Amino acid sequence: MNQALAVIRSAGMRDIVANARALIFDVDGTLAETEEVHRRAFNEAFAEAGLDWFWDQVTYGRLLRVAGGKERIRAFDQRNAVPMLTFADIAGLHAIKTARYAALIAAGGCPLRPGVRAWLAGARSRGQRLAIATTTSHGNIDALLSVALGLDWADLFEAIVAGDDVPRKKPAPDVYVEVLARLGLGPADCIAVEDSGNGLAAAAQAGIPVVITRSAYFSDDDFAGALLVVDDLSEIDA
């Protein structure tokens, strides 16, 4: 795409974003580049639990194709002919990981990605409704956004739907279907903001148009069908 066409398309996207009745955001990789913090938290949890597991970036990148932290632990454990961990073990291990993630975020923070704060502020100034549709847990959302946006962050979002709130996680559309139900809006009234192919598939199956902001672990995903793909949201002045 030449520069002039890119400018025209971005200008058109500003109008599309401004005219949506609601913006629905994914969290990990979309609002903030959290995945390296998650990876470190997993590895610290494994060490604390006495496991000799270590997820390097390549391994973690593969496991991110599995939606949900507990599900990733299960998938990794099942690489062995005889898995070691019971469901209770996995729940306990994931609880340790969640606590480590919260501590790491509190200690060093994880800033919002470029353009995110401006999009949120722009939506509020236009009277648009905001929502969250994510595979991560409520605890992880709070750990991140209470630091990035302040302790009253939840007041910004009319609907907050996490992975444990629905039967199926992304790429299933369940979180988006639930957000639409809570907002009382149709899919065409909204725009979803995502960073991954799984997220795009989830929103698209719910009928919601999607803007993709590329993230570190999913930059090479197939984003065919997205309204627009950008490196970060600052490319569209919302």
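Note that the structure is a prediction, hence the values are computed from the model and not measured.
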With a 4.5 Å heavy-atom cut-off, do [X] and [Y] have their side chains touching?
X      : Y      : answer
Ile212 : Phe218 : no
Phe25  : Leu233 : yes
Val166 : Val161 : yes
Glu178 : Asp165 : no
Val147 : Trp153 : no
Arg126 : Val17  : yes
Ile73  : Lys97  : no
Arg129 : Leu185 : yes

Pairwise distance [atom1]([X]) to [atom2]([Y]) - rounded to 0.5 angstrom:
X      : Y      : atom1 : atom2 : answer
Ile90  : Glu71  : CD1   : CD    : 9.0 Å
Asp28  : Tyr101 : CG    : OH    : 5.0 Å
Leu120 : Leu31  : CG    : CG    : 7.0 Å
Leu112 : Leu144 : CG    : CG    : 7.0 Å
Phe54  : Glu44  : CZ    : CD    : 10.5 Å
Asp221 : Glu194 : CG    : CD    : 10.5 Å

Check [X] against [Y] and note the closest heavy-atom contact, atom names and distance.
X      : Y      : result
Ala143 : Ile105 : O-CG2, 3.2 Å
Tyr176 : Ala202 : CD1-C, 3.8 Å
Gly68  : Thr135 : N-CG2, 3.5 Å
Cys190 : Ile208 : O-CG2, 3.9 Å

Should Asp232 and Arg113 be marked as a salt bridge (charged side-chain N to carboxylate O under 4.0 Å, His left out) after you check the CA-CA gap, both sets of side-chain angles, and the distance that decides it? CA-CA 7 Å; Asp232 63 63; Arg113 292 188 61 194; 5.5 Å; no

Are the side chain of [X] and the backbone of [Y] linked by a donor-acceptor contact shorter than 3.5 Å?
X      : Y      : value
Arg21  : Gly186 : no
Glu158 : Leu183 : no
Ser196 : Gly199 : yes

Applying the side-chain hydrogen bond (donor to acceptor under 3.5 Å, both in side chains) test to Tyr60, which of Glu36, Glu35, His38 qualifies?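 It is Glu35; the other options fail the test.
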
Lys/Arg N to Asp/Glu carboxylate O, Lys169 vs Asp164, below 4.0 Å: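 Looking at Lys169 and Asp164, the cut-off is met.
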
Report yes or no: is the cationic atom of Arg79 (NZ for Lys, CZ for Arg) under 6.0 Å from the centre of the six-membered ring of Phe76, at an angle within 45° of the ring normal?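 Yes, a cation-pi geometry.
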
Cation-pi geometry met for Arg74 and Phe87 (6.0 Å, 45°):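 Satisfied, under 6.0 Å and within 45°.
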
Answer with yes or no after comparing the ring centroid distance for Phe42 and Trp53 against a 6.0 Å cut-off, counting only values under it.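 Ring centroids of Phe42 and Trp53 are no less than 6.0 Å from each other.
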
Hey, are Glu33 and Tyr217 close enough side-chain-wise for a donor-acceptor pair under 3.5 Å?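 Glu33 and Tyr217 do not have a side-chain donor-acceptor pair below 3.5 Å.
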
